[in-house]
Amino acid sequence: MVIFAPLFSKLWIELAKKGIEPSTPAKFVVSLWLIALAFAVMLIGAFVLVGNAKISLFYLAFTYLFQTFAELCISPVGKSVVTKLAPARYVSLLIGIWYLSNAVANKLAGVYSGYFQKISNEQFFLWLVIVPLAVSGVLMLSMKKIKAWMHGVH
């Protein structure tokens, strides 16, 4: 995070200067694609894994790399848009809800991880690819309406 945060910040600034910076909902879509890609790497690793054999640490390293990129597309951007769109008297409350949603997501991730021993590795990681792609599809279909609700906030 520390290494790539300045690079992502510079990326958004440079794209904005060129007039091609993606909107906040588009950055959320990119984030979901990166999460799907991260777990696709693990899915490939699950297919390569035979029995109790060892596989390369690069599967995990690339998974973390893509997850970091996804986090940098959603977290600072999301917090920024919450502060811009929230009525002034509710900014703190809505930022708290932002963090609460992260806590709920982490709880759900923990619940889902309980299925790791119950289903195959391939099935486990396949769902972690399918769900973000499906959510990104819904978000893309809703993009026009979401942008209208944002009243010009980029």
With side chains defined as the heavy atoms from C-beta onward, is the minimum distance between Pro22 and Val30 less than 4.5 Å?
no
For residues Ile119 and Val111: do they belong to one hydrophobic cluster (side chain heavy atoms under 4.5 Å, members Ile, Leu, Val, Met, Phe, Trp, Tyr)?
no
Should Leu37 and Phe62 be marked as a side-chain contact (heavy atoms from CB on, under 4.5 Å) after you check the CA-CA gap, both sets of side-chain angles, and the distance that decides it?
CA-CA 9 Å; Leu37 180 60; Phe62 279 105; over 6 Å; no
May I ask whether Val129 and Val138 are part of the same hydrophobic cluster, defined by side-chain heavy atoms of I, L, V, M, F, W, Y residues being less than 4.5 angstrom apart, directly or through others?
no
Measuring only between side-chain heavy atoms, which start at C-beta, is Leu43 closer than 4.5 Å to Phe47?
yes
Rounding to 0.5 Å, atoms CZ (Phe125) and CG (Asn121) come to a distance of 6.0 Å
Neighbour count >12 (heavy atoms, 6.0 Å) for atom OH, Tyr112:
yes
Are Val135 and Leu108 connected in a single hydrophobic cluster, I mean Ile/Leu/Val/Met/Phe/Trp/Tyr linked by side-chain heavy atoms less than 4.5 Å apart?
no
Would you please test Leu72 and Met1 for side-chain contact (heavy atoms from CB on, under 4.5 Å) and show each step?
CA-CA 7 Å; Leu72 289 168; Met1 287 294 223; 3.9 Å; yes
Could you check whether atom CH2 of Trp127 has more than 12 heavy atoms from other residues, nucleotides or ligands sitting under 6.0 Å from it?
no
Check: Gln67 and Phe39 side chains under 4.5 Å, non-hydrogen atoms:
yes
With rounding to the nearest 0.5 Å, note down the distance linking CD1 in Ile146 to CE in Met150.
8.5 Å
Between Pro25 and Leu139, what is the shortest heavy-atom contact and its length?
O-CD2, 3.7 Å
Might you confirm whether atom CD1 of Ile3 has over 12 heavy atoms from other residues, nucleotides or ligands at distances under 6.0 Å?
no
Checking Ser9 side chain against Ala5 main chain: does a donor-acceptor pair fall under 3.5 Å?
no
How many angstroms lie between CG in Leu60 and CG in Leu65, if you round to the nearest 0.5 Å?
11.5 Å
Full working for side-chain contact (heavy atoms from CB on, under 4.5 Å) between Phe28 and Val77
CA-CA 8 Å; Phe28 279 34; Val77 174; 4.2 Å; yes
Will you find, in the side chains of Lys79 and Tyr99, an N or O donor that is under 3.5 Å from an N or O acceptor?
yes
Report the C-alpha distance between Val82 and Val91 in whole Å, list the side-chain angles of each, state the deciding distance to 0.1 Å, and finish with yes or no for side-chain contact (heavy atoms from CB on, under 4.5 Å).
CA-CA 7 Å; Val82 166; Val91 170; 5.8 Å; no
How are the rings of Phe124 and Phe116 set relative to one another: parallel (under 30°), tilted (30 to 60°) or perpendicular (over 60°)?
perpendicular
According to a hydrophobic-cluster definition based on side-chain heavy atoms being under 4.5 Å apart (Ile, Leu, Val, Met, Phe, Trp, Tyr only), do Trp149 and Val81 belong together?
yes
For Lys17, enumerate each residue passing the side chain to side chain contact (heavy atoms under 4.5 Å, CB included) test, keeping only those at least two apart in sequence or located in another chain.
Ile13, Glu14
Just verifying a value: how many Å separate Ile130 CD1 and Leu126 CG, rounded to the nearest 0.5 Å?
3.5 Å
Measure the acute angle between the ring planes of Phe66 and Phe69, then classify it against the limits of 30° and 60° as parallel, tilted or perpendicular.
perpendicular
Are any side-chain N or O atoms of Thr83 and backbone N or O atoms of Ser80, one a donor and one an acceptor, separated by less than 3.5 Å?
yes
Distance in Å, Leu32 CG paired with Leu133 CG, rounded so as to fall on 0.5 Å steps:
8.5 Å
Ring-plane angle category for Trp12 and Phe8, please: parallel below 30°, perpendicular beyond 60°, tilted otherwise.
perpendicular
Can you tell me how far apart OG1 (Thr63) and CE (Met42) are? Round to the nearest 0.5 Å.
5.0 Å
Does Met143 belong to the same Ile/Leu/Val/Met/Phe/Trp/Tyr cluster as Ile20, with side-chain heavy atoms less than 4.5 Å apart forming each link?
yes
For the pair Ser31 (side chain) and Lys27 (backbone), establish whether a donor and an acceptor sit closer than 3.5 Å, ignoring hydrogens and angles.
no
